[in-house]
Amino acid sequence: MTADRKKPYPFDEFEPAWQKRWDEEKTFHVGNPGEPGFDATRPKRYILDMFPYPSGAGLHVGHPEGYTATDIVSRYSRRVGYNVLHPMGWDSFGLPAEQYAIKTGQHPAVTTAANIDTFRRQLKMLGFSYDWEREIATTDPHYVCWTQWIFLRLYNSYYNTELKKARPVSELVEKGWTREQIDSVRLAYVAEGLVNWSPDMGTVLANEEAEEWRSKGFTIERRKLRQWMLRITAYAERLIDELEPLDWPESIKLLQRNWIGRSTGAEVRFTCGSHVITVYTTRPDTLFGATYMVLSPEHELVDAITTPEQKEAVDAYKKVCAEKSDLERTDLSKEKTGVFTGAYAVNPVNGEQIPIWIADYVLTGYGTGAIMAVPAHDERDFEFATKFGLPIIQVVQPDDPATPWQDFCGYEGVMVNSQHLNGLTVTQAKAAMIEWLEKEGHGCGKVNYKLRDWLFSRQRYWGEPFPILWDKETGLHEALPESELPLLQPEMEDFKPSGDPRGPLVKAQNWIHYSERYTRETNTMPQWAGSCWYYLRYLDPHNDEAFVSPEVEKYWMGSSGNPGGVDLYVGGTEHAVLHLLYARFWHKVLFDYGLVSTNEPFNKLVNQGLILGEDGQKMSKSRGNVVNPDDIVREYGADAIRLYEMFMGPLKEVKPWATKGVEGISRFLARVWRIGMVENQEGAWEVSAKLTEQDLGATPARKELHRSIKKVTEDIETMSFNTAISKMMECTNAMTSAESVCVSDYVGLLHILNPFAPHITEELYSRLCVSFPALPTAQLALQPWPSYSEELLVENTREIVVQVNGKLRDKLQMAADASKEELGQAALASARIKEFTDGKTVRKVIVVPGRLVNIVAS
RNA sequence: GCCGGCUUGGCGGAAUUGGUAGACGCGCUCGACUCAAAAUCGAGUUCUAACGAGUGUGGGUUCGAGUCCCACAGCCGGUACCA
């Protein structure tokens with residue numbers, strides 16, 4: 001590749017010039033309600049990108065994919081009359097900056113600032129129409145302040161299960177709750193529990209993150225530690241139910257639904273001597289088939305019920321389980337293990353004594369950590385019972401007689417061996433059994449969720465410190481006064497993880513010491529904290545009085561005239577269950593307090609597909625197939641990379657990169673350029689004589705333009721950018737092959753191409769303005785979107801396909817409004833058709849007006 | 001295993017939602033321009049010599065199926081004993 005390939009059009013000159021102009025003139029800045037010049041009667045569109053983590057590697061080609069898509073919609077939306085909020089910012093806390101800092105000794109704030117500068121430069125280089133006045137960074141003290149403020153709101157709240165919303169804990173104080181009781185219901189609370197601890201990273205991780213880091217090669221162990229948790233489980237029901245009406249991909253909704261994992265069933269109380277053991281089951285209908293019970297090895301009653309004879313075996317088994325890693329424990333291929341406790345429980349439905357076992361296939365964190373085992377109708381119980389010779393009793397007779405009843409887990413059956421349930425269907429029996437349990441006081445119907453509370457503390461330096469103080473006397477925690485926010489990390493030389501589960505801030509002795517009575521919490525928040533609410537801060541990024549002013553929030557997030565919330569949110573699938581679940585949770589808490597207008601933050605979500613390397617593999621440094629946007633912009637220009645990424649295929653699909661494809665796009669843009677420009681003797685570009693102010697009438701080029709305006713308008717609305725671009729290529733080809741092109745038609749093409757390729761279109765238009773003073777001088781970006789003429793779309797003749805027995809045999813040129821009869825007769829009269837129908841009887845003639853005629857003959 | 005998605009020329013992908021399969025682009029071939037090349041412009045390009053065949057495979061519905069239904073296969077993603 002030669003360093004100085006001749007540019008097919010001078011993008012290297014005009015692209016930076018337009019970017020500079022947009023920047024200096026703040027062309028894409030939008031005000032807020034109440035500000036001068038802001039027309040709040042216009043409808044709004046909030047078009048949002050998932051903000052990037054500004055890594056040291058800079059932008060990769062995946063970023064401009066989603067960003068170009070939202071930019072096109074934003075630019076288009078402004079031109080059809082919306083106030084458009086289209087912001088960008090930085091998710092700038094994060095582990096890599098901290099690790100880099102540890103390695104180089106440079107403060108993470110310094111590297112973060114440098115990385116942000118790179119990202120900003122790269123994004124500006126692509127000509128995105130962000131309102132840079134609203135830029136935010138999660139590491140900015142003015143931002144941290146409000147992240148901590150929202151945390152304190154969580155800390156000071158509990159979930160009122162009757163109202164189904166968050167309420168201040170002060171209510172409970174008034175009701176006379178004790179401090180301990182209140183601490184046990186806070187939305188942000190401290191708990192000791194088994195957590196994912198990574199000795200390599202010296203921090204704990206959320207369940208949601210653990211697998212990801214493990215796959216990157218980090219060691220993750222289960223450790224019992226005291227940690228801050230967020231009570232997201234309180235919102236489990238709403239997080240499932242309120243997901244339903246959202247305009248999100250079904251697959252993402254499903255992913256979230258599965259992650260939250262709602263199941264309905266019952267809790268059943270079994271007695272074991274003086275103890276009561278509660279189990280959770282989704283199949284209360286099979287209670288008569290419960291032949292044994294299993295507790296998780298960590299269950300609190302294990303030691304109490306174990307008989308002296310079994311004590312040794314039970315202790316040994318518990319020890320083995322505790323030493324097992326998570327991975328070993330969940331390895332499905334392994335055989336089931338377990339030991340008998342020697343104890344028996346009484347099945348409340350029939351008074352039968354059933355043996356109690358412990359086994360690690362019963363998980364401690366789900367349900368009650370204890371199950372009733374119905375080996376006849378549960379695969380796992382069946383395997384266990386078979387291995388240990390436990391009895392198996394059939395209670396469901398499958399409807400399909402061919403199905404063996406052993407280990408039949410389906411619902412299509414009738415109850416047997418179940419006394420009063422006999423003859424009922426599974427569904428009926430479930431309801432009947434729950435009713436019986438509730439009446440007899442042996443249990444109750446119960447909804448259960450897989451979702452666990454969110455482990456919210458990290459042992460890192462580069463994160464928001466918790467605004468929490470610990471009382472040395474009482475050992476209790478308290479909120480830092482809001483007036484002291486933001487609470488920033490102390491300046492430290494050494495913030496390496498020390499292996500101390502309290503985190504590196506422990507080493508900042510002066511900082512920890514708050515007063516004689518109080519010390520500071522040393523944990524920091526996870527990176528998710530900042531990204532949980534950033535979309536709200538864009539609304540009012542410089543407000544020091546509130547995280548967002550109510551008036552501003554109401555306009556941009558309100559539901560007047562549209563569904564409300566963020567109108568379009570584009571990003572990758574990798575955030576399906578993390579960011580998108582966490583942000584919904586925080587938003588709901590804020591909604592419960594009336595601080596935001598909608599119960600959901602993101603009304604419409606679109607996932608862009610991954611861009612693979614040229615070799616069809618995922619891009620990665622180790623494979624050496626990473627494409628750097630800087631290189632592409634240098635070689636082909638910003639418009640070319642924007643357009644190429646949209647032309648590759650549907651936004652949502654996974655697709656491989658092909659630099660040859662960028663060349664094709666570059667050729668297309670060069671053709672657009674050369675319709676209006678010719679190079680003179682001196683090598684300078686001037687307006688071509690091909691353009692004329694004369695009205696040439698309904699030329700093929702003009703018709704093609706109007707078809708393109710229609711298609712491109714529709715395609716932007718449905719985000720089918722690839723087909724919009726093909727249509728504009730066809731239009732360009734029509735204008736290229738025309739002898740002469742009417743300036744207004746050429747300008748029409750520039751108008752619709754403008755959101756896709758803003759630089760070249762503005763450049764061409766500004767040059768045309770000089771030669772054709774009748775043109776409005778405003779930038780295309782600030783002019784209304786063009787409309788098309790219906791008349792020019794109408795063709796008066798149509799090509800009619802004639803089929804014989806469904807096979808294409810002839811094509812006829814017919815008047816567009818030809819009747820069914822006319823079309824049928826013309827088809828039968830065709831000589832070509834006669835050849836095929838010769839000697840046959842015409843049974844039927846099907847006519848689709850304007851399209852085809854099918855003759856059925858035999 | 002379970003859940004979801006995808007499968008159309010040499011390649012990326014179109015197809016008015018049941019009506020001409022292969023738009024548009026890449027690549028390739030040929031031609032024009034050129035001393036030559038690049039760039040550009042023009043013609044062609046699903047397979048087949050042809051009859052015909054053809055949208056992962058097999059069946060079905062229909063005058064007509066890439067599109068609808070049933071079964072199966074392959075690839076990609078999510079999830080992992082959640083009772």
Side-chain angles (χ1 to χ4, degrees), chain A residues 2 5-6 8 211 249-255 257-259 261-263 265 279-283 286 290 294 296 329-334 336 359-363 365-374 377-381 383-384 409 448-452 573-574 576-577 609-610 612 616 618 643-644 647-650 652-665 667-668 670-671 674 711 714 720 722-730 732-733 736-737 799-811 843-848 850-857:
Chain A
T2 53
R5 187 176 69 100
K6 177 157 165 37
E211 200 44 58
E250 264 321 303
S251 58
I252 299 293
K253 288 192 193 177
L254 194 72
L255 235 44
R257 245 182 262 128
N258 290 345
W259 188 267
R262 170 153 64 191
S263 66
V279 302
Y280 173 72
T281 178
T282 54
R283 294 295 299 271
T286 61
V294 188
S296 70
R329 247 186 109 144
T330 54
D331 185 2
L332 257 178
S333 59
K334 83 180 160 80
K336 296 251 178 311
D360 68 355
Y361 82 91
V362 173
L363 307 173
Y366 180 77
T368 61
I371 61 154
M372 62 178 215
V374 184
H377 305 295
D378 181 279
E379 212 179 306
R380 296 150 301 179
D381 298 344
E383 192 192 328
F384 192 82
C409 308
N448 233 318
Y449 296 92
K450 274 183 2 188
L451 187 69
R452 310 292 161 83
T573 341
E574 66 274 18
V577 287
L610 201 65
L612 305 174
K618 207 167 167 171
L643 216 54
Y644 172 66
F647 185 63
M648 290 171 81
K652 297 168 195 178
E653 304 300 315
V654 178
K655 40 211 175 285
W657 180 270
T659 299
K660 278 285 182 198
V662 189
E663 276 181 37
I665 285 291
R667 277 202 277 272
F668 159 63
R671 274 205 300 281
R674 288 195 313 265
K711 178 76 174 152
E714 289 164 355
S720 310
N722 54 332
T723 49
I725 294 166
S726 337
K727 195 67 203 172
M728 290 188 281
M729 286 173 168
E730 289 182 72
T732 301
N733 292 345
T736 299
S737 52
E799 190 179 61
I800 302 296
V801 167
V802 185
Q803 299 178 328
V804 176
N805 293 331
K807 288 200 170 72
L808 175 67
R809 295 304 184 195
D810 199 8
K811 294 176 185 179
R843 305 277 171 199
K844 209 171 173 183
V845 179
I846 290 135
V847 182
V848 181
R851 205 161 291 282
L852 64 67
V853 178
N854 187 14
I855 296 161
V856 185

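Note: hydrogens, waters and symmetry copies are ignored here, and every other heavy atom, side chains too, is used.
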Enquirer: NZ of A:Lys811 versus P of B:G19: gap in Å, rounded?
Expert: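 Answer to the nearest Å: 17 Å.
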
Enquirer: Rounded off to whole Å, could you give me the CG-to-C1' distance for the A:Leu610 and B:G78 pair?
Expert: 14 Å

Enquirer: Judged by atom type as modelled, is there a donor-acceptor pair below 3.5 Å linking the side chain of A:Arg667 to the main-chain atoms of A:Pro8?
Expert: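 Flag not set: sc A:Arg667 to bb A:Pro8 has no pair under 3.5 Å.
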
Enquirer: Rounded to whole angstroms, how far apart are CZ on A:Phe647 and C1' on B:A23?
Expert: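 It is 10 Å, rounded to the nearest whole Å.
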
Enquirer: Which part of the nucleic acid does A:Arg671 contact within heavy-atom distance under 4.0 Å: base, sugar-phosphate only, or nothing?
Expert: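 Sugar-phosphate: the residue A:Arg671, judged by heavy atoms under 4.0 Å, touches backbone atoms but no base.
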
Enquirer: Do any side-chain nitrogens or oxygens of A:Ser263 fall under 4.0 Å of OP1 or OP2 in B:A83?
Expert: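 Looking at the OP1 and OP2 atoms of B:A83, one of them is under 4.0 Å from a side-chain N or O of A:Ser263.
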
Enquirer: Can you check the A:Tyr366 OH to B:A83 P distance for me, whole Å?
Expert: 4 Å

Enquirer: Does B:U17 adopt a syn or an anti glycosidic conformation, taking syn as a chi angle within 90° of 0?
Expert: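 Syn.
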
Enquirer: Heavy atoms only, 4.0 Å cut-off, all strands: where does A:Thr736 land among base, sugar-phosphate and nothing?
Expert: nothing

Enquirer: Any donor-acceptor pair, under 3.5 Å, between the side chain of A:Arg667 and the base of B:U40, if you only look at N and O atoms?
Expert: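 Such a pair does not exist between side chain and base.
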
Enquirer: Using the C1' atom in both, what is the distance from B:C30 to B:C76, to the nearest Å?
Expert: 40 Å

Enquirer: Could you check whether A:Lys655 gets within reach of a base, just the sugar-phosphate, or nothing at all, counting any heavy atom under 4.0 Å?
Expert: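 Here A:Lys655 touches the backbone only, sparing every base.
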
Enquirer: Roughly how far apart, to the nearest Å, are B:A71 and B:U20 at atom P?
Expert: 29 Å

Enquirer: Regarding A:Gly261, tell me which of base, sugar-phosphate or nothing describes its non-hydrogen contacts under 4.0 Å with the strands shown.
Expert: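 A:Gly261: no heavy atom of the nucleic acid under 4.0 Å.
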
Enquirer: What heavy-atom pair brings A:Ile371 and A:Val279 nearest, and what distance separates the two atoms?
Expert: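 Shortest heavy-atom contact: C-CG1, 3.6 Å.
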
Enquirer: Heavy atoms from C-beta onward define the side chain here; which of B:G27, B:G4, B:C63 lies closest to that of A:Leu254?
Expert: B:G4

Enquirer: Using atom C1' in both nucleotides, what's the gap between B:A21 and B:A37 to the nearest angstrom?
Expert: 39 Å

Enquirer: When both hydrogen-bonding distances must be under 3.5 Å and the geometry is Watson-Crick or G-U wobble, what is B:C2 paired with, if anything?
Expert: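 The base-pairing partner of B:C2, which may sit in any strand shown, is B:G78.
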
Enquirer: Could you work out which one of B:G19, B:A83, B:C24 sits closest to the side chain of A:Leu852?
Expert: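 Nearest to the side-chain atoms of A:Leu852, counting from C-beta on, is B:G19.
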
Enquirer: Give the minimum heavy-atom separation between A:Asp381 and A:Met372, together with the two atoms involved.
Expert: OD2-O, 4.0 Å

Enquirer: Verify, without hydrogens or angle tests, whether A:Lys655 (side chain) and A:Glu653 (backbone) share a donor-acceptor contact under 3.5 angstrom.
Expert: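 Yes: the side chain of A:Lys655 pairs with the backbone of A:Glu653.
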
Enquirer: Would you mind telling me which residue lines up with the more 5' stretch of RNA chain B, A:Met729 or A:Met372, judged by nearest nucleotide?
Expert: A:Met729

Enquirer: Heavy atoms only, 4.0 Å cut-off, all strands: where does A:Val848 land among base, sugar-phosphate and nothing?
Expert: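 Base contact - A:Val848 has a heavy atom under 4.0 Å of at least one base atom.
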
Enquirer: Return the pairing partner of B:C72 with a 3.5 Å limit on both distances, Watson-Crick or G-U wobble; otherwise return none.
Expert: B:G56

Enquirer: NZ of A:Lys336 versus C1' of B:A83: gap in Å, rounded?
Expert: 11 Å

Enquirer: Would you kindly compare A:Asn448 and A:Lys618 by the position of their nearest RNA chain B nucleotide and give the one closer to the 5′ end?
Expert: A:Lys618

Enquirer: Sticking with atom P, work out how far B:U55 lies from B:G22, rounded to a whole angstrom.
Expert: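 Here B:U55 and B:G22 have their P atoms 14 Å from each other.
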
Enquirer: How close or far is atom P of B:G27 from atom CD of A:Glu663, stated in whole angstroms?
Expert: 6 Å

Enquirer: Under 4.0 Å, heavy atoms only, any strand: does A:Arg674 hit a base, just the sugar-phosphate, or nothing?
Expert: sugar-phosphate

Enquirer: Could A:Glu250 and A:Arg257 be called an ion pair, given the rule that one side-chain N must be under 4.0 Å from one carboxylate O?
Expert: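 Salt bridge: yes.
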
Enquirer: Just call it for A:Val845: base, sugar-phosphate, or nothing, with non-hydrogen atoms closer than 4.0 Å on any strand.
Expert: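 Nothing: the residue A:Val845, judged by heavy atoms under 4.0 Å, touches no strand.
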
Enquirer: Watson-Crick or G-U wobble partner for B:A49, using a 3.5 Å limit on both distances?
Expert: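 None - no nucleotide pairs with B:A49, as no candidate has both distances under 3.5 Å.
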
Enquirer: Rounded to whole Å, how long is the line connecting atom CD of A:Glu730 with atom P of B:A14?
Expert: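 Answer to the nearest Å: 14 Å.
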
Enquirer: Please check if atom NZ in A:Lys652 has more than 12 non-hydrogen atoms from other residues, nucleotides or ligands closer than 6.0 Å.
Expert: no

Enquirer: Would you please say whether a donor-acceptor pair under 3.5 Å links the side chains of A:Tyr280 and A:Ser263?
Expert: yes

Enquirer: B:C72 and B:U79: how far apart are their P atoms, nearest whole angstrom?
Expert: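 Result for the P pair: 26 Å, nearest Å.
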
Enquirer: Taking any strand in view, what nucleotide pairs with B:C41 in a Watson-Crick or G-U wobble way, both distances under 3.5 Å?
Expert: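 Pairing partner: B:G31.
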
Enquirer: What integer distance in Å separates A:Glu799:CD from B:A15:P?
Expert: 20 Å

Enquirer: Give one of base, sugar-phosphate or nothing for A:Gln803, where a contact means two heavy atoms less than 4.0 Å apart.
Expert: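 Answer is base: heavy atoms of A:Gln803 come under 4.0 Å of a base.
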
Enquirer: State the syn/anti category of B:G9 according to its glycosidic angle, syn meaning within 90° of 0.
Expert: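 What B:G9 shows is a syn base, its glycosidic angle lying within 90° of 0.
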
Enquirer: Base, sugar-phosphate or nothing for A:Ile371? Non-hydrogen atoms, less than 4.0 Å.
Expert: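 Here A:Ile371 touches the bases of the nucleic acid.
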
Enquirer: Against the six-membered ring of A:Phe384, is A:Lys336 placed for a cation-pi contact (under 6.0 Å from the centre, within 45° of the normal)?
Expert: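 Output no; distance or angle outside limits.
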
Enquirer: Does A:Asn733 make a side-chain N or O approach to OP1 or OP2 of B:G25 shorter than 4.0 Å?
Expert: yes

Enquirer: With sugar-phosphate meaning primed atoms plus P, OP1 and OP2, does A:Leu255 contact a base, only sugar-phosphate, or nothing at under 4.0 Å between heavy atoms?
Expert: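 Sugar-phosphate contact only - A:Leu255 comes under 4.0 Å of backbone atoms but never of a base.
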
Enquirer: Whether A:Asn722 contacts B:A14 is assessed here as follows: a side-chain N or O lying under 4.0 Å from the phosphate OP1 or OP2. Is that the case?
Expert: yes

Enquirer: Of the options B:A15, B:A53, B:G64, whose atoms approach the side-chain atoms of A:Asn854 most closely?
Expert: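 Comparing B:A15, B:A53, B:G64 against the side chain of A:Asn854, the answer is B:G64.
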
Enquirer: Distance check, P atoms only: B:A14 and B:U62, in whole angstrom units.
Expert: 31 Å

Enquirer: If the C1' atom of B:U61 is compared with that of B:C70, how far apart are they to the nearest Å?
Expert: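 Comparing C1' positions in B:U61 and B:C70 gives a spacing of 11 Å.
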
Enquirer: For the side chain of A:Glu653, counting heavy atoms from C-beta on, which of B:G27, B:C6, B:G64 is nearest?
Expert: B:C6

Enquirer: What distance, rounded to whole Å, do you find between the two P atoms, one in B:A38 and one in B:G66?
Expert: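 Looking at atom P only, B:A38 and B:G66 are 41 Å apart.
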
Enquirer: If you look at every strand shown and take non-hydrogen atoms under 4.0 Å, does A:Asp381 touch a base, only sugar-phosphate, or nothing?
Expert: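 The residue A:Asp381 makes no contact with any strand.
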
Enquirer: Write down the partner of B:G10 under the Watson-Crick or G-U wobble criteria, each distance required to be under 3.5 Å.
Expert: B:C26

Enquirer: Within the distance-only criterion (no hydrogens, no angle test), does the side chain of A:Asn854 pair as donor or acceptor with the backbone N or O of A:Ile846 below 3.5 angstrom?
Expert: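 Looks like no, no N/O pair under 3.5 Å.
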
